[in-house]
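Working notes, structure below.
One-based numbering along the sequence shown. These numbers come from a predicted model, not from an experiment.
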Amino acid sequence: MEERLRSHYESLSRAIGFTRAADSKAAPVLALQVALAGTVAARFERLAPIIGKEPWGVESAVLAGVLALYALSVIGVVAFATSVYLPRNPRTGGSLIYFEDIAAMSLESLREQATSMGTETIERQLLDQIHTVSWIASTKMRRVRWAYYLSLLSVVFWVILLGWGSF
């Protein structure tokens, strides 16, 4: 039983590591988008007259469309990447593994439950926590993946806008 508990604890540690990895992967994509948006903002003075022409021609309409698609892709990247950092695991009220559950207990209750807990209960709580943290890690990684996909799309629109603003 001790070997199984050790194995479960290692699985939990790996799952926690994946949540940290997702956090680490979200930061660069956010930084990239800030840098790209800054260059678009700096070039906007060259793009604004094209959009401001009356009546709109084909160039104005296409440029407005590219700007809109760029903005939507950046908004999507930021939404997905920042959602990685939002907590999403509420207290369950009975775990001696999850810090929020432990923090909600009195010290006396924690001591009483921890010292009277059998190995089967410890194993069940470890497995519950492994499942929860794995779900969180999977969700975070999926959101990071979408942030990267949308980031690639935003880079394409950024290159178009950068080239357009150079003329």
>> Going by the rule ring pair (Phe, Tyr, Trp, His ring centres under 6.0 Å), which residues pair with Y85 if we only count those two or more places apart in sequence or in a different chain?
In response: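 Counting only residues at least two positions away or on another chain, Y85 forms no ring pair (Phe, Tyr, Trp, His ring centres under 6.0 Å).
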Establish whether [X] and [Y] are linked, either directly or via other cluster members, by ILVMFWY side-chain heavy-atom contacts under 4.5 Å.
| X | Y | value |
| --- | --- | --- |
| V62 | L67 | yes |
| L162 | L72 | no |
| V155 | I75 | no |
| V58 | V66 | yes |
| V78 | L152 | no |

Roughly how far, to the nearest 0.5 Å, is [atom2] of [Y] from [atom1] of [X]?
| X | Y | atom1 | atom2 | result |
| --- | --- | --- | --- | --- |
| I102 | L107 | CD1 | CG | 11.5 Å |
| F157 | L36 | CZ | CG | 13.5 Å |
| S24 | R20 | OG | CZ | 9.5 Å |
| I136 | I16 | CD1 | CD1 | 9.5 Å |
| L126 | Y9 | CG | OH | 9.0 Å |

> Which residues satisfy the salt bridge (Lys or Arg N to Asp or Glu O under 4.0 Å) test with E59, sequence neighbours excluded?
Replying inline: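 Result, salt bridge (Lys or Arg N to Asp or Glu O under 4.0 Å) vs E59: K53.
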> Taking only residues two or more places apart in sequence or in another chain, which ones pass salt bridge (Lys or Arg N to Asp or Glu O under 4.0 Å) with E108?
Replying inline: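 Not a single residue meets the salt bridge (Lys or Arg N to Asp or Glu O under 4.0 Å) criterion with E108.
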>> Evaluate W164 against L63 for side-chain contact (heavy atoms from CB on, under 4.5 Å), listing each step before the verdict.
In response: CA-CA 8 Å; W164 213 316; L63 178 58; 3.8 Å; yes
I'd like to check the side-chain hydrogen bond (donor to acceptor under 3.5 Å, both in side chains) partners of [X]; sequence neighbours left out, ordered by chain and number.
| X | result |
| --- | --- |
| R14 | S11 |
| E45 | none |
| Q33 | S151, S154 |
| S109 | Q113 |

> Can any side-chain N or O of Y148 pair as donor or acceptor with the backbone N or O of R143 at less than 3.5 Å?
Replying inline: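 No; zero donor-acceptor contacts below 3.5 Å.
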>> Whether the side chain of K140 engages the backbone of A22 through a donor-acceptor N/O pair (distance < 3.5 Å, no angle test) should be reported.
In response: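 No; judged by distance alone, with no hydrogens or angles, the pair does not exist.
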What residues form a side-chain contact (heavy atoms from CB on, under 4.5 Å) with [X], not counting sequence neighbours?
| X | answer |
| --- | --- |
| T121 | M117, R124, Q125 |
| T39 | W158 |
| E123 | M1, R4, L5, H8, L127 |

> Would you say T139 and R142 make side-chain contact, with heavy atoms under 4.5 Å?
Replying inline: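 With C-beta onward as the side chain, the pair touches.
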>> A side-chain contact here means heavy atoms from C-beta on lying under 4.5 Å apart; do V77 and V29 qualify?
In response: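 Contact flag for V77/V29 side chains = yes.
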>> Running the 4.5 Å side-chain criterion over Ile, Leu, Val, Met, Phe, Trp and Tyr, what cluster does F18 land in, apart from itself?
In response: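 Its cluster partners, ordered by chain and number, are M141.
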> Shortest non-hydrogen contact from A15 to S134?
Replying inline: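 A15 and S134 have their closest heavy atoms at CB-OG, 3.7 Å.
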>> I need the full list of side chain to side chain donor-acceptor pair (under 3.5 Å) pairs touching residues 60-82, with sequence neighbours left out, sorted by first then second residue.
In response: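 Non-adjacent pairs meeting side chain to side chain donor-acceptor pair (under 3.5 Å): zero.
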